[in-house]
Structure formats: structure tokens, C-alpha cells
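Here the structure is laid out as C-alpha cells; the discussion comes afterwards.
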Amino acid sequence: ASGPIKIGVQAPITGAYADEGQGIEKAVKLLADQQNAKGGLLGRKIEVKVCDDEGKASQAAICARQLVNDGVIAVIGSYTSGAALAAEPIYARSNVIQTSDGTSNKLLSRGYKTWFGNAAPNSAEAKFTAKYLIDVRHFKRIAVLTDHSSFATGLADAVIKNIKADHGKVIDKAFITAGSQNFTPVLTKLKALKPDAIYFSGYYSDGGLIKAQMAQLGITATFVGGDANQNVAFGKIAGSAAKGAIIVNVPGPEQLPYPTAKAFVAAYKAKYHQSPPSVFTLTNADGMRAVMQAIEQTKSVKPAKLEHYLHTMKSFDGLTGQFRWNDKGERVGSPFTAFEVQADGSYKIVYPAPKAG
Amino acid sequence: MSLLEIADLKVNYGQIEALKGVSLRVETREIVAILGANGAGKTTLMRTISGLLTPRGGSIVFEGTDITRLGADRIVRLGIAQSPEGRRVFGTLSVMENLRLGAFTRPAGEVAGSLDFVLQMFPRLAERRGQLAGTMSGGEQQMLAIGRALMAKPRLLLLDEPSLGLAPIIVQGIFRTLREIANSGVTILIVEQNARSALKLADRGYVLEVGRFVIEDDAKTLLTSPEVQAAYLGGERRKA
Amino acid sequence: MSALLELHGVGIRFGGLRAVDRLSFTVDKGQIVALIGPNGAGKTTVFNMITGVYRPTEGSIRFEGQDITARRPHLVAAAGIMRTFQTIRLFPEMSVLENVRAGCHLRVRQQWWQGLLSLPSQRREEAELAERAHEILRRLDLDRFAHDRAVSLPYGVQRRVELARTLAADPKMIILDEPAAGLNDNESAALSETIFGIRDSGITVLLVEHDMNVVMSVADKIVVINFGQKIAEGGPDDIRNDAQVIEAYLGRDDDEEEGVS
Amino acid sequence: MGTFIQQVFNGLTVGGIYALIALGYTMVYGVMRLINFAHGDLCILGAFIGLTFLTSLGGAGHPGAALLILAFVAAIVVVAVAGVVLELAAYRPLRKADRLAAVVSALGASLLIENGIMLIWSPQVSVFPSGLLPTTTYHIAGASISFVQVMIIIVSFLLMAALYLFVNHTRFGTAIRAAAIDQDAARLMGINVNRVIASVFVIGPALGAVGGLFIGVYYREVYFTMGWTYGLYAFIAAILGGIGNIPGAMLGGILLGLFNAFAAGYISSSWQDAITFALLIGILLVRPSGLLGERVAEKV
Amino acid sequence: MSASASRNTGIAVWILGLFLPVVLNSAWVSVAAIFAIYGIVALSEDIILGRAGMFDMGHAVYFGIGAYVTAILNVTFDWPIFLTIPFAILLAAAFGALLAAPLIRLRGDYLLVASIGFNAIFVLAMQNNLFGLTGGSDGITGIGVPSLFGLPIESQSAMYWLDWVVLGIVLVLMRNLDGSEFGRALRYLKQDELAATTIGVNPRKVKTLAFAIGAGLAGLAGTLFAVQLSTVSPSSFKFTESVTLFAIVIVGGQGSIPGVLLGTALMFVLPQVFRDFAQYRYLVFGFAMILVMVLRPQGLWPRRGARA
Ligand SMILES: Nc1ncnc2c1ncn2[C@@H]1O[C@H](COP(=O)(O)OP(=O)(O)OP(=O)(O)O)[C@@H](O)[C@H]1O
Ligand SMILES: Nc1ncnc2c1ncn2[C@@H]1O[C@H](COP(=O)(O)OP(=O)(O)OP(=O)(O)O)[C@@H](O)[C@H]1O
Ligand SMILES: [Mg+2]
Ligand SMILES: [Mg+2]
């Protein structure tokens, strides 16, 4: 075959998740440009096809068909689990690789060979989080806070399960309405329960405010946030209150210790004059990089070969750390860390203890 | 120069020609009555003079000023007030607020006299100062509409069927008062279905038929004209 | 002759105002009864209580011997009373024909699902009722307006359409609130004829009207109210000469005096 | 007890913001019978304008009070202009049409402004500089309330009172109310209806800009889709109080804030919005025209 | 155009629609399928909004109920899809009637807000995994395909035909509604409720029925939606979806069948065409919405006899 190798991006370019969607689009295009500058893949150029699914299921189904018709061999996206779910069977039926940051268990439950989750699954993060909360910090009264999104409730439930498995105590599971900004009512209620830690599984735009409002209400409990809290804006929103917040994640775009990651973030900033909106930009970039690597290594664009390669490779050197995929397409092995936000807004890794030297 | 001079006025509603070229003049201190069957275009003429409708052709000149294309609010300021068809009182405002709005264009200090005059003319309004206009009976609203127009202390008063829905005794009172108002220097252009009373009151009259004036004459003459009798006065048949 | 409509001590208050006060009167079958009185006397309010738009605070209303006090308006309509409004209430964006056809609503036997399925029986019924509406238009000389939008019609025509709508229902009684308002003498004379025609077709008529020509020529009985209370009742001649009525309502118009002579 | 008072403060603060936005909603509605779905977006536009002023002129240091006032002025001016343009372009041509046509036009305007903000300021969260206002916290009966919260509550009360006096006790206010009821009849009184409506589209959005900027300085984060959320809540607040009624908007906003706080604090945070809406629907069943809305005076 | 001519044109267009899968690629076939589904929901919204004049801004609830009924019965209880349809319709209709009881006591914008409230409550209930049946925020996945006489309706084209045929049935019902007394009673109520009651229309009954029928048809569309996407989740039935449905009716033309379908096309298919505008897409779309309303305040294709 000749002509360009087509790669799809299915992401929310407009709507509430537009920043994340546009970040994914930009990252994938950046990687494609870089590769094309080096002469492309197998001597062919890479062409990126983008489809805006607005984060909606019905649009996602249309996008999936659109991209399949465009002849893409792999699709990066979508950002939301709901949109990824609606598109998944269509890609599977057409034998198009799909790599997304969606972490809903339902994405794995159908056993599609074409699915590759590029973000760490909730289960792994939850296990790490529970261990940190119970074994490392010895918190006795933990309150769990989440929003209603599929991602955050999934993570919160997994964390609760693991805390209980570790014989910890969850004193309350409470909800916020994402984007409503006024979280003082639920925090006031939690304050009365005297927690020593509040774990929040939702997004940074809410997390930063929660941390700020905790300070305002005089809540002394430690704030522990899930991976979606890791964003430069978290510290800015929380302002002086940010100090002492703990965030659990693979290291974020700015903090990633790996040289490849540093180079990528630098190139991204140089090209777009802004930072990637979140770590999911990078996990999706890893999805793109893995697909490119598979094509290069197998010297093929046949889906079956690529899938086989991706399922069986021992370790992938990702921007977001070393990992591999199991036979369900679940990302295995992620270097979770717990950061503490410092007074100047920078992050310090507090667990696992950084190796000296 | 007449107070109001209308020449070849043409007004359309979409495709429908409601006025097909009417000309009319009203002299200062005159009372002029306009008669005509349903749908003849009387209301259309009144609304056009007030600037609520924009004519397709022709001109309206008031005291030498061309007001053909002036906005309704500007026309009021020139001294033309109207008591419109369908009353159009401000239903959720009180009787008093409605009356005060009638004097919207006048300095606040000058309205007290007009208010007294109106409340005296319609004692019911005085009794019901605070009632929401929308809950007044039909006739009470009609009184309010007339009173509100008087509050503007206009030089030209346009009345579109002022007697509509009013009790006979009130109608008689109003027609008597209109004479007084005219004598005090206000010019009146009145549209009436109660043709007999209107013609008795008026100096001159016009008869409008499907968008055109067909007759213009002295009111007394019209009152006795067989054509007008047959068409608008209903003869003496039902008087028995 | 039995009373078709009976009001017994009916009253209503609006805040502190007693708009209607212990009012009683009857309307016999086949009669034309006029309710008159000064502005704000409570005439429209009486109509509103009869038709269930307002709920009386005291008294009772009976129709054909049945208590209809405070019945909801559609049930009053179903009992056979149709009305017009002082401020015309047509369906403004519908044609004259559709407005009149609307009056047939209570005559429709089809169920909603039959309509959705468009069964033959339903279509037959539709055709019959459409024909009926046309017939009434012809009767009231409205057929040339059949396809005009109601709101664009001159006032007087709108009044006639409203009347036609009540007739389409084939009611036992119609209640007309100032049907002659906005009509000139000729037109109101024609209206009187129409009202006679309606009465002759077996429909009882109750009306409010300020046009004394109409009232005096059509009414079999006149009930006069003031401040919500009955001040006189009787035939046209009694009323015309009743001092209290002249004082409160009729006044002394030169015209009227000429007429009485 | 401390918890209870704290919840009251929590509710009052957000309620004050809803109220500020609802005032603009209700004014426009009062005159035009228009649900201006773009109102929330105008408010957030105000926040972004203010932010741009603060960050571009403020430099690195803490912006002073003068700059903050300047930011408010700039936001108010720009948003008021936007309001008038919106009225001219999207609503005026529809004044005589079915009123739902203007509602849909407003929905279009909402999309337009929201996406305009996204394109100009990026889809990411924008953060206000810290230290704009004193961070003093007062402690009352075991509850804490910050300076900004107190200010929001006071300012929204003052604006409401001023607006109420303006609308009910000035000639121009009466003109606004008359135009709201019957535009043609208002013109017959000598009222320049176009000017009245334009002025409402100055006042409403200007108040909204204040509300939007308060959101910015209090929560310190703004993003482009926020206008829709706040706008919706403000609209609901206006309805709750009786739409078109100025004290009603205030009351509705405050109550909505309190409902939210008590629902989350005492019943179930998971069902918070559902409880709030259930309460709203319950109140409407008892008072179908909102708490302070008058029964429509319709005489038949 | 006379009534029969326009009906014949309608039938012809519908028949032509059957051939779409032959000429379009699968992405556009799925656009067409989803168009048909949303067309049904929009028509059902039009019964309440456009015809009865009740400002229902929570119509996605009934659409969602239908979709969830099918999803739950099919996935959790293994029912064949076709068997779930009557239940999807009936439960949605029952909810329509139930919610109508409080809603119809409210007027205009108050009704609008209350219906928004019901929509928010519905979405939250689904997110909170009501009775452990609705699957929380993830919703329900793995919905099967219907089979007809043992043949599964599996291909994109087959699904499209299913949707198109159902749309055809709904169109016939809507047309009958127009000529029926019930349909007229809705219009009476919309134009003047008091006048309508004094000619004998029972407002509560007629309005409740309008809600029930509108909701039932939306429930039917919900089944098709669940099948088309093979997954349902709360985000598909959010209040913003109701807003879109509301706008579709107004943009297209209230009470006008071709208008509502055209509105669906504009509000739904146009954004697909606008994809090339990337992030400018909804800016352009918002602008287009204003422009359409300003140029055609009565809607793109107003109901015949409506004010031009
Ligand atoms: N809004 C409108 N749209 C269309 N046509 C209209 C409109 N208003 C009035 N017309 C038409 O214009 C013509 C004149 O109407 P107009 O109201 O001026 O008559 P009129 O003499 O005042 O009648 P009436 O005695 O009934 O008040 C009529 O044929 C009427 O149908
Ligand atoms: N909803 C209401 N609220 C307060 N007052 C009312 C209400 N409805 C009527 N009224 C008052 O009750 C009295 C009777 O009104 P009604 O309309 O019955 O008078 P009417 O006899 O029909 O007068 P008209 O001849 O002027 O039509 C009036 O004074 C009116 O102001
Ligand atoms: Mg007229
Ligand atoms: Mg009356």
C-alpha cells in the first residue's frame, strides 16, 4: 500500500471537555509532525484525522464510523469513558485499534482485542492510594468525596474498596456537583464528622477549590486528590491553601522525570505556547507513540499484527513511565507516586521516598 | 393652516390595503367625528396618526410639522394623545399609576390639576385609585383609558370608540364633558359607533368606507342626510 | 314554564369588595333575559360565576334543576351553557371556520386513539362536523370570512364569529356579554334579529348589554343590578320608567325621551 | 449550632451570587418576556474581561484596589455594550414574533458567546490572581465567614435595593414597567420603548458583569462553560422568586443557595441537586407564580 | 401546496429515504439513523410544546426512560428487544402522565423550569444507580440487537431501516393527530385556554394526555437509541439535550411536521457538516441559530395557516 498512514483522533474539541480534547488533538498532531519530519513511518507520511465527539455518546458513534470510513488504522481517544464506550464496539468490529484514557471497567468487560487503555486503571491507582492512606499515613477517619462522573465515581468506589480491604475506615462517601464551585455545604458536613483525611477522586478544577474552601472553613484534615487533580491550575486555584495537598498520580507533565517526557512537553510548549492541559494529554500521546512504535517494529499496518505486538510487548517506554498492556488491553505497571504541593506551588514526591542521589 | 392635515394616506397590513388614500383636516378647537362600518379602517387611521403604524404613502402634518414618520413617543410630545381601541390599560399597574403614565411627558409639577379634573369626571376612578387596572370591569377600564389620555393635556385628543362598553348615563356624561374640553381649547377627533350622539356633539363629520372617505360634511347635515341615516343611524324603526 | 337557570343568593368578594351580593334571579326556558346595570355593577362577574370561571363565595346556581355551583367551566359547557366574552376571546391564529368548528367540540364522539388511527368512523364524523360548521357560518352570514385568520378581522365580525362558535355546540342556553359593543345602530339592529332567530331555534338567551336599543327590543325580562345587588326586574317598559334605574343607569338622554314618546 | 450557622453562610454567599445574576435575568424578562439564556454567558464574559485587565495591567505584583475597580468598570462597560448589541442584533428583530423565537435566538447567542470566550481565552481554566481582596475570616458562633463572602452578600443587597427603588420609584422605572406590559400603549404615553429596552439591556448585563467578576474574585477560577451553569441557576432563582419581580429574584437566589446548602449538608450530597429541584417544584405547586410573583391580573 | 399533494410529497421523500444506505457511506448512514431517532423525539416534543403550547424543557427524560427500559430488560433480564418496546412506551407514557399532574398546573416559564427540574432529577437518579438497575454514571452497555423472524437486525443499514420504518409510523400518527379532535383540542388550549374550557375542553385531561402520548413516542425512540448505540448512559439524556429538542421545534416550526424534521436536520445534521470548522463549530452554529430565527421567526417551515 502507499499513501499516508491515517491515524484518527476522536476527542471532545468543543463542549465542557474542550480543553482536554484539544490537548489530545494537539499532542497527536505534534507527534505526527515530528515523525513526518523524520521521514514518516515505513516511508509513508502520517496523516491525522480528527473528529469532535463533544464527549457525547451519540456523536461518538458517528465519529467512530466517520473515522473508520476515512480508513484510519488506529484511533486515539476519546477522553470521556462514555464516548469511548459508545465508539468501542464500532472500532472493534472494523478492526481499528483504539487507545484511550478511559478507565471505566466497562471498557474492558467486553474483551475487545482492539482496546488499549493508556491511562492507569482505577484498580491500580486505588490500591496505591489505599496503601498510602492506611499504611503510610495511618489515617483513621477518611472521608471520600467524588463527583458524579463515570471516572470519578469509579475511582472513588475502587479506593473505598481498597481502604476497606486494608482495614481502614471510610466515615463518609459524599458527592459534589462538578463545576458548581460552591462546595462549602458538603465540606461543612464533613467537618462535623472530624475526618483526618479527605480523599477527592474528581477533577482539579473542583479539587483546587475544595482545598481552598477547606482552608476557609478551617478544616485541618489532609487533602488527598486522585490523578485528575494533577494540573498546574490546581495550585493556582487553591492559592495559598494549596500547600500540603497530596496528589496521587503518575508524575504529571511538568514533573515527569523522564527525558523523553521533558522533551515532549518542551516541544508542545514551543509549538502551542501553552502547557498540556493535563497528564491525559501525555497518556494519549503515549497511546500514539505506542501505535507508531508497533508500526515501526512490525513493519506493518495490519491491525492483527499491531494488536499482537501491543499485547505482548514486555515494556513500553512511555512519557508517563514504563508500562505494558495485558491481554484485556489494560495498562499494567504504573509508577504511582504521591506528591505534596509546596508553598511555591511546586510538587515534591513524598511516597515512595525518592531514592537518594 | 389647519391643526391636523392628512393627505392621501395609504396604510397596509401586509397585502391588505386598509387605507387607500384618505385626506382629512381638523381645525383648532373643532370636534370631528369619523363614522364607518366595521372594518372600514377607522382604528387604522387613528393608529397611524399616533405613529403606531407607518403609512405606505401620503402625509400627516400637525401644526405645520410633518409627523408622518415620527415615532409614537415623539408624536405624544407634540401634543397628540389617544384613547385607543381595546382600552389598552396597563393591567398590572394601579389606576393611579395608569393615570400618572398618561402624563408621562409632562413635568411632575403640572399634573395635579389634570388629575383632579379626571377624578372628578370619573368618580369611580377616584374610589378605586389602588386597584389593579386589569381587574376593573370593562367599562371602568374604558373610563381609565379616556382619563389617561386626558392626563397628557393634549392639544389634539384622539378617541377611538370612547363610549364602547359604557353605561348610557356615563356616555351622556362623557359627551357633555367632551364639549367642555373642546371649549377649553382641545381639538378632538372621535371615532364612534354611537353615530347619533357623536354627530350631535361634533362640528363636522367624515364617513369612511373600506379605506376611503365617501362623505365629508357639517355634522348637522350628516345627521339628517338620508344616506347616513340609512347606513349608520338605523332610522327610527326600533325607537318604538 | 320551568326555570332553566336559577341563581339563589349568589355572591362573591374580591378582597374587601363585594362585587356581587346575594343576587337571585331566574331565566325561563325559551326566554331572552337581559342583565343590565352600571359599569362595575357585577354583570360580567355573574356570568363568570355561572360558567365556572369564578367560584361564588355564597349562594347556589342551578341549571335544569341541577346544582352547577362552582362546577369547572368545561363541565358547565357540557351541561349546555355556552358563552361569549366582553373582551373577545377567539382562537386568534385560527381561521373563522376553525373557530366555529371548535364550538362542536362537545359533539365529538371519537376517542383520542380513534383519531390517531384515523378510523373511517372518525373521518365520517369529521366530515359531518365540518359541514355543520359551514352551515352555521352561512346562517350568520360569515361564509365569506371562512378562511380568514380570526385576529385580522374587524371587531364586529369577530363578535359574530364568537357567537357562531357558541351556536355550533347546539347549546341549551347562551350567555352573551355585550354582543353589540362596537356595532353601529344598523349592525346592532341586525344583531337583534339574529338573537330572535336564536331564541326561535329553541335556545335560551341571557345577555349583558349597554345598548338600550338592543336590550329594549329583544328582552322578555330585564334584571337590573347595581353594586352587585338587584335593584329592579321586569319587562322593558317597567324598567324604562323605573326611577331608580333611570337615576343609576339610564340617565335622561334627549334621544331616549324622544324614543319613549 | 456552629455547623448550622456555617451552612446558612454557605448558602447566603452562593445565593448572593445567584441573586446578582438573577436580577439581570428578571429585569430583561420583566420588559421583554424573554428568557435571556445568554445572560449567564454575559456574566462570565465580564469575569474574563476583568481577569484580562487584572493580569495584563497588574503585572506580577498584587494588583491594588484601584486596578480592581478599573477591572470592574471595564467588565461592566464591555458587557453592557455586548448586551445592547445582542438586543439590537438578536432580539429586536423578534420583538413582534412568537416569544419562543427570541428564546431560541438567546440560546444561539449563548453558544456564540460561550464559544467566543473559549476561542479568545482558551478552553482551559483561567485563574484569578490571589490577594485581590483581604482574606480576613470572621468567626461567628463557631462558623467562619470570609470578607469576600460578606462583601458579596452586602453588595448584592445594596444593588437589589437600588434597583428596586429605581424601578418602582422613578419615572423611568415606571416607563420600564409600562413597556413591559404593553409596548404600543407605552408608546402612546410618550415612552421611547426602544430606549427603555436598550437601557434594560445595559442595566441587566452590567449587574451580571458584577456578579461574574465576584465569582472570579471569590472562587478565583473561571472557564468558558461556567456561564451556562450559573445562568441556569440564576434563571431558576428568578422563577422561584416570581420572574419579573426584583425582590423576588433576590429572595429566589438566596433561597436557592440555602436549599443547596441544606440539601448537601443535612440530607444527601449525592442527591443535592435533585432535592433542590424537588423543593423548587414543590414551592411552585403551592405558589404557581413564584414566591413574590403576582397572580396575573386577567379580567375576563 | 394542497394537503394531498404535500402528503404525496411526504410519502415520496420517505420512500427515497429508504435508499439512503445504498448511496451513503456508513458514517452518514448512522447520521441518518440518529436523525430518524431524534426526528421521532422532536416530533413527540412538538406534541407538547408546539401543539399544546406547554414549555416542556425536560423531554429527554422520556427519551431516557425508553432507552433505559430497553437496556435494563435486555441486558439484565435478557428480554428480546422487540418485547421491550411496549414497556418502553408504556413506562415513558406513564411517567409523562405522572409528571404532567404537577406540571400542567404551572404556566409558561414556570412549567419550563419545573420540567428542567425533573430532567435534573432523572439524570441524577440514573447516575446514582437507582435500585441498582441503571448502572450509575457508566450506564448500561452491551445492549443486543433486535431480531425479526430469527434474523438479527445487525448491520448499520438494517438498523437504519428499522429506525426509518418507525419514523414512518410516527409520521402517520402525527398526521392523523392533526386532523383529529384531540389534535385540535391541543391547539385550542394553546391559543386561549379559557376560551377552550368554555367550549368544553377538559384542560387537565387533554394536557395530561398530550404529555403521555408525547412521552410514549419519546420512549419508543429511546428503544431505538439504545439499540443504535448498544449503550445508554445518563449523559445522553441531560437537560442540554432537552434544550436542543426544544430548539429543534422552534427552529423548524411549531406544529409543523416537515418543519420539525427540517429543524432536526438543521440542529443535528448541520453540526456534522460543520465539523471542518473544528473548534469554531459551535460559534458558527450559535450564529446560525440567531440568523435562522431572525430571518424566519416562525420557523423554517411554519405550520400551514400560521402567521407568516
Ligand atoms: N393586525 C391586522 N392584520 C391584518 N389586517 C388587519 C389588522 N388590523 C386590521 N386589519 C384589517 O384592516 C381593516 C381595517 O381595520 P380597522 O380595525 O381599522 O377597522 P375599524 O374601522 O376600526 O373597524 P371596527 O369598527 O370594527 O373597529 C379591516 O379589514 C381589518 O380586517
Ligand atoms: N379579579 C378582580 N379583582 C378585584 N376586583 C374585581 C375583579 N373582578 C372584578 N372586580 C371588580 O368587581 C366589580 C364588578 O366587575 P364586573 O366586571 O362584573 O362589572 P360589569 O358589571 O361587568 O361592568 P361593565 O359594564 O363595565 O363591564 C368591578 O368594580 C370590578 O372592578
Ligand atoms: Mg376600530
Ligand atoms: Mg362587564
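Labels below follow one simple rule: chain letters A, B, ... track the order of the sequence lines, proteins then strands, and each chain is numbered from 1.
Only the side chain of D:L119 comes within contact range of chain E, with heavy atoms under 4.5 Å apart. Of the atoms belonging to E:F239, it is side-chain heavy atoms, and not backbone ones, that fall under 4.5 Å from chain D. When heavy atoms are compared at a cutoff of 4.5 Å, D:A106 does not approach chain E at all. Only the side chain of E:L112 has a heavy atom closer than 4.5 Å to any heavy atom of chain D. Contact annotation for E:L49: only side-chain heavy atoms (C-beta onward) come within less than 4.5 Å of a heavy atom of chain D. With a 4.5 angstrom heavy-atom cutoff, D:I35 touches chain E only via side-chain atoms.
Closest of all the heavy-atom pairs between D:L94 and E:V294 is CD2-CA, 4.0 Å. Across every non-hydrogen atom of E:A114 and D:I281, the tightest pair is O-CD1, 3.6 Å. Contact record, D:P288 with E:R105: CB-O, 4.2 Å, taken as the closest heavy-atom pair. Across every non-hydrogen atom of E:P297 and D:A101, the tightest pair is O-CB, 3.6 Å. Residue D:A90 comes nearest to E:I290 through the heavy atom pair CB-CG2, 3.6 Å, listed as atom of the first residue, atom of the second, then distance.
In this structure, the side chain of E:Y110 engages the main chain of D:S289 through a donor-acceptor pair within 3.5 Å. Of the possible polar contacts, none joining the D:D273 side chain to the E:A120 backbone as a donor-acceptor pair under 3.5 Å is found.
When side chains are defined from C-beta on, D:L100 counts as touching E:F246, because their heavy atoms get closer than 4.5 Å. Annotation: side chain of E:Q254 is in contact with side chain of D:D98 (closest heavy-atom distance under 4.5 Å). Within the 4.5 Å cutoff, no side-chain heavy atoms of D:F37 are placed close to those of E:V243.
By number of non-hydrogen pairs under 4.5 angstrom with chain D, the leading residue of E:F285, E:F287, E:Y280 is E:Y280. Of all the listed residues (E:V251, E:N128, E:V284), the one sharing the greatest number of non-hydrogen pairs under 4.5 Å with chain D is E:N128. Counting heavy-atom pairs closer than 4.5 Å to chain D, the top residue among E:L103, E:I121, E:L106, E:D109 is E:D109. Chosen from E:G286, E:A125, E:A247, E:P102, the residue pairing most often with chain D at heavy-atom distances under 4.5 Å is E:G286. For the set E:I250, E:V249, E:T240, the count of heavy-atom pairs under 4.5 angstrom toward chain D peaks at E:I250. With chain E as the partner, the residue from D:I236, D:L232, D:L280, D:V103 showing the most heavy-atom pairs under 4.5 Å is D:L232. Contact count versus chain E (heavy atoms, under 4.5 Å) is highest, among D:V104, D:T276, D:L240, D:I275, for D:V104.
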*Could you give me the CA-CA distance, side-chain angles and deciding distance for E:V113 and D:F277, then say whether side-chain contact (heavy atoms from CB on, under 4.5 Å) is met?*
CA-CA 9 Å; E:V113 160; D:F277 277 112; 5.6 Å; no
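The number of heavy-atom neighbours closer than 6.0 Å to CZ of D:R99, taken from other residues, nucleotides and ligands shown, is above 12.
In this structure, the separation between CH2 on D:W271 and CD on E:Q127 is 9.5 Å, given to the nearest 0.5 Å. Rounded to the nearest 0.5 Å, atoms CD (D:E114) and OH (E:Y282) are 11.0 Å apart.
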